[in-house]
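First the structure, in the form of structure tokens, and then the observations on it.
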Amino acid sequence: MTKRRSSHWYGKLDKDGFIHRSWMKNQGWPDHVFDGRPIIGICNTWSELNPCNHGLRDLAEAVKRGVWEMGAFPVEFPVSSLGETQMKPTAMLFRNLLAMDVEEAIRAHGIDGVVLLGGCDKTTPGQLLGAASVDIPAIVVSSGPMLNGKYRGQDIGSGTDVWKFSEEVRAGKMTLKEFMAAESGMSRSAGVCMTMGTASTMSSLVEALGMCLPTNGALPAVDARRKALAHMTGRRIVEMVEEDLKPSDVLTKAAFENAILANAAVGGSTNAVVHLLALAGRVGVDLTLDDFEIGSEIPLLVNCMPSGQYLMEDFCYAGGIPAVLNELSDHLRKSQTVMGADISAYAEGAEVFSRDVIYAFDEPLKPAAGLRVLKGNLAPDGAIVKPSAATDALLEHEGPAFVFENIEDLKANIDRDDLPVTPETILVLKGCGPKGYPGMAEVGNMPIPAKLIKEGVRDMIRVSDARMSGTAYGTVILHVAPEAQAGGTLALVKTGDRIRVSASNGVLELLVDDAELAMRRAAWQPDPPRYSRGYAKMYVDHVTQANTGADLDFLVGKDTRIPDRESH
Ligand code: FES
């Protein structure tokens with residue numbers, strides 16, 4: 001048998017082994033925890049500045065119970081945490097920093113396997129990216145969603161209802177007092193956003209990828225069964241170490257395809273695209289934006305906000321991800337999970353307990369609702385749109401552009417009474433991509449101009465190099481690549497230009513002739529850099545475009561070496 005990874009730290013009977021063990025013993029550990037048993041890291045993104053993950057301390061204790069029960073030694077360690085609603089300019093700027101933190105923390109320490117505790121939007125992908133690049137046995141336990149939000153006896157959903165309430169206030173249909181009252185009822189328990197936003201999308205897709213135990217995707221944060229799941233995960237990671245079952249054994253092309261199919265069926269977040277592309281890059285899987293087209297024919301099965309009406313708590317009680325995988329069983333690819341068995345084992349025998357919440361594949365909530373990839377001279381490397389959250393009539397449209405040069409321009413002018421826009425106008429926002437914002441902020445779902453809101457308009461086409469929150473909705477074309485700041489055609493669009501969108505044909509065209517575009521390109525200059533030092537400068541210098549996952553170019557791939565230099 002090959003020596004455990006941890007033996008290079010704790011198994012030596014020399015000065016170095018003495019130092020590694022002795023300092024650990026100041027926490028009160030007896031000799032026998034260093035007897036060669038597996039050492040399991042619990043990588044925790046708990047933070048009081050990340051409210052979505054504040055239940056993770058309790059879950060870490062439950063994981064430890066399972067690890068001890070299997071005769072292994074659990075050690076919990078912190079990494080940086082990314083609270084989506086708390087960070088400026090955008091948590092996405094720091095996803096790759098978290099990934100580096102996780103990767104280097106795992107690589108530097110003498111652990112044999114790792115349990116990843118995350119939840120809020122960027123924490124799940126950040127942890128997966130880091131762990132995949134070290135490629136020791138790894139498994140995920142997610143925070144789980146909050147209980148349904150409540151306001152005046154009605155269910156309200158994180159994010160999705162905030163956008164709605166905010167538009168109602170701007171339209172004069174909701175008072176500020178009512179708006180403020182809704183805020184306390186929206187977030188009334190531990191957990192992540194309880195709509196099918198990015199956090200719940202990612203925990204659901206972690207299940208479809210096979211990187212967690214079944215039911216992890218939807219169990220509410222405060223449901224006692226989530227603690228039991230964490231306990232069982234603690235048991236399973238010890239077995240995975242014995243089996244040497246690593247992320248690269250699970251994260252195959254087939255697993256990514258299953259995640260794409262599941263994302264379509266649950267009406268998942270557009271953010272899943274950049275996270276899955278980046279993760280595939282870490283494990284050497286050849287996944288491209290075009291691969292997401294396999295989801296476009298998959299119907300919407302889950303009736304959850306923002307694409308539907310219910311919330312994650314309802315989705316859990318209706319059967320959760322195992323029930324969705326069962327509905328998709330004719331389409332799922334064969335793919336090994338962290339259980340060692342095929343993904344079909346997660347779906348086996350799963351029942352649907354409410355057809356209002358989880359629809360049958362043959363009688364879906366909406367047909368062919370998966371993300372569509374759009375290409376054309378306005379997005380040579382691609383853009384995406386989420387039909388399940390869009391207005392059908394707008395998915396085939398030609399109209400004049402109204403351009404905002406950057407987010408400040410948009411904020412200053414969107415509510416002008418004399419803004420020259422109609423419901424047919426296509427709003428264009430530049431400068432919000434990975435390099436431009438920087439960090440590719442969630443501002444792509446631009447507010448509808450106040451003058452149109454007052455006329456009752458609730459959706460129009462919006463095009464940008466930004467992302468949008470997984471809780472947002474509308475006919476929003478996102479992730480245009482190359483972005484404006486990188487010199488993409490988006491940078492050349494002028495107000496009044498005509499744009500053609502055809503989701504059915506996968507087209508996003510700027511109807512301006514090549515000679516005119518060449519003249520505009522010759523006169524174009526990128527904006528001066530916003531950062532001259534530190535991580536943000538490194539990010540801007542090295543971030544890749546959205547169509548390859550907005551990872552840092554030097555982080556693509558993995559490196560499984562054990563550090564061979566002793567520090568003492
Ligand atoms: Fe953290 Fe939505 S803001 S999960």
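Just so you know, ligand 1 is whichever comes first in the structure, and atom 1 is the first atom listed for that ligand.
- Residues M100 and L552 meet the side-chain proximity criterion, which asks for heavy atoms closer than 4.5 Å.
- Every pair passing side chain to side chain donor-acceptor pair (under 3.5 Å) that includes a residue from residues 129-145 is listed here, sequence neighbours excluded: N53-S143, S133-R282, D135-S248, D135-K558, S142-N216.
- Remark: F292 pairs with no residue by the ring pair (Phe, Tyr, Trp, His ring centres under 6.0 Å) rule, at least two apart or across chains.
- Residues G470 and S269 come closest through the heavy atom pair CA-OG, 3.4 Å.
- Protein N, O or S atom count below 2.8 Å of atom 2 (Fe) of ligand 1: the structure gives 1.
- In this view, I136 and R5, I106, I111, V114, V134 satisfy the side-chain contact (heavy atoms from CB on, under 4.5 Å) rule, not counting sequence neighbours.
- More than 12 heavy-atom neighbours from other residues, nucleotides or ligands sit within 6.0 angstrom of CD on E408.
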